[in-house]
2 protein chains.
Amino acid sequence: MRIGELAERSGLSRDTIRFYERNGLVRSVPGSSATNNYRDYPEDNLVWLRFITGAREAGLSIADLRDITAAISCDMDRTEARQVLAAKIDELKARADEIRRAIDFLERARDQTAGSAEG
Amino acid sequence: MRIGELAERSGLSRDTIRFYERNGLVRSVPGSSATNNYRDYPEDNLVWLRFITGAREAGLSIADLRDITAAISCDMDRTEARQVLAAKIDELKARADEIRRAIDFLERARDQTAGSAEG
DNA sequence: AAAAACAATAGACCATGGTTCACGGTTTGG
DNA sequence: CCAAACCGTGAACCATGGTCTATTGTTTTT
């Protein structure tokens, strides 16, 4: 599909998709037409962009996602790929821990800010 | 304590602390000297900055933390404060969910990138 | 008392992650 | 056929979250 359709269906803007592509997060192939240089974005980009979007919300950087894309696209040998993925998984787990701590802190603070029906 | 000591003991730079202060994340009071305008940073800023640092790693923005600081500093009435805190807690929980999903995805990808001893 | 360290303020600077704009070419709908 | 919508490219622009650099004045240290 062309970029406009991908944008429409992924909910991202054309510009964001192009930005991701420039940074190695999205892959496309030359389109079939000889009269233009429109690119073709394979269907699986839809699933992929859903992951990317979630991963961005999870706090992974563009650089992180470039590495992950390379690892999953077999741009590197299996050993390296697994190392990259393991490293990002660890990063995410560390972030999850920070979040748990922050939630704890905030819940305690909220509970100390007693309700309006307090004595 | 003065900003240098706070920086030293918190592990943040003076500049970062001043930046946080400008943005309402840190509070200080005028120092006791009449000959300068050095500010005094109460001891509890140490605990507070530890939270701030963790919360930043957890993905809360400066704006989020400004709101949280205001809520916890009783700059607003209890009802509003509890609402703010509840909203930030929800935000963090949503992010935690995204992280779980991303970890799932990456672990599956890692496991499909079979080990070097594969067939 | 003079140098070195520290403080406050203001403004410039930087990286990240997009977004917008200007341009020329292509396709598509009426 | 021709305007509207689409595409690719490149560069400018923007907000966020700091960081660095003067500049000026105040302790501390020697």
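All heavy atoms count here, side chains included; hydrogens, waters and symmetry mates do not. In what follows, chains carry the letters A, B, and so on, assigned in the order in which the sequence lines appear, proteins first and then strands, with residues in each chain numbered from 1. Not measured: the values here are computed from a predicted model.
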_Selection from C:dG17, D:dG18, D:dT26 that lies nearest to any side-chain heavy atom of A:S61_ = C:dG17
*Could you tell me the separation between the CG atom of A:D40 and the P atom of D:dC6, rounded to a whole number of Å?*
17 Å
*Rounded distance [0.5 Å steps], CZ in A:R110 versus CD in A:E107*: 5.0 Å
*Considering only side-chain heavy atoms of A:Y38, which listed nucleotide, D:dC6, C:dA8, D:dG18, is closest?*
D:dC6
*Shortest side-chain distance from A:R56, nucleotide among C:dG18, C:dT27, C:dT20*: C:dG18
*In whole Å, what is the span from the CD1 atom of A:I17 to the C1' atom of D:dC7?*
13 Å
*Name the residue closer to the 5' end of DNA chain C, choosing between A:A63 and B:R22 according to the nucleotide with the nearest heavy atom.*
B:R22
*Taking A:R56 for its side chain and A:L60 for its backbone only, find out whether a donor-acceptor pair lies under 3.5 Å.*
yes
*Do the side-chain N or O atoms of A:N36 get closer than 4.0 angstrom to the phosphate oxygens (OP1, OP2) of C:dT27?*
yes
*Which listed nucleotide (D:dG17, C:dG18, C:dT28) is nearest to the side chain of A:R2?*
C:dT28
_A:W48 side chain vs A:E43 backbone, donor-acceptor pair below 3.5 Å_ = no
*Heavy atoms under 4.0 Å, any strand shown: does A:R14 hit a base, just sugar-phosphate, or nothing?*
sugar-phosphate
*Under 4.0 Å between a side-chain N or O of A:S13 and OP1 or OP2 of C:dT19?*
yes
*Can you check the B:N37 CG to C:dA10 P distance for me, whole Å?*
11 Å
*A:F51 vs B:F105 aromatic rings, parallel, tilted or perpendicular, using cut-offs 30° and 60°?*
parallel
_When you measure from the side chain of B:R39 to the backbone of B:S28, do you find a donor-acceptor pair of N or O atoms at a distance under 3.5 Å?_
yes
_Nearest-Å distance for atom pair CG/C1', residues A:L12 and C:dG17_ = 13 Å
_Interatomic distance where CD1 belongs to A:I3 and C1' belongs to C:dG25 [whole Å]_ = 16 Å
*Which of these nucleotides, D:dT19, D:dC7, C:dT26, is closest to any side-chain atom of A:R18?*
D:dC7
*Looking at the side chain of A:T16, which of D:dT21, D:dG8, C:dG18 is the nearest nucleotide?*
C:dG18
_By nearest atom, which of the nucleotides C:dG18, C:dC21, D:dG18 is closest to the A:D15 side chain?_
C:dC21
_Any donor-acceptor pair, under 3.5 Å, between the side chain of A:Y20 and the base of C:dG18, if you only look at N and O atoms?_
no
*Round to a whole Å and report the spacing from CD of A:E5 to P of D:dC6.*
12 Å
*Starting from C1' on C:dT16, measure out to CG on A:N23 and report it in whole angstrom.*
10 Å
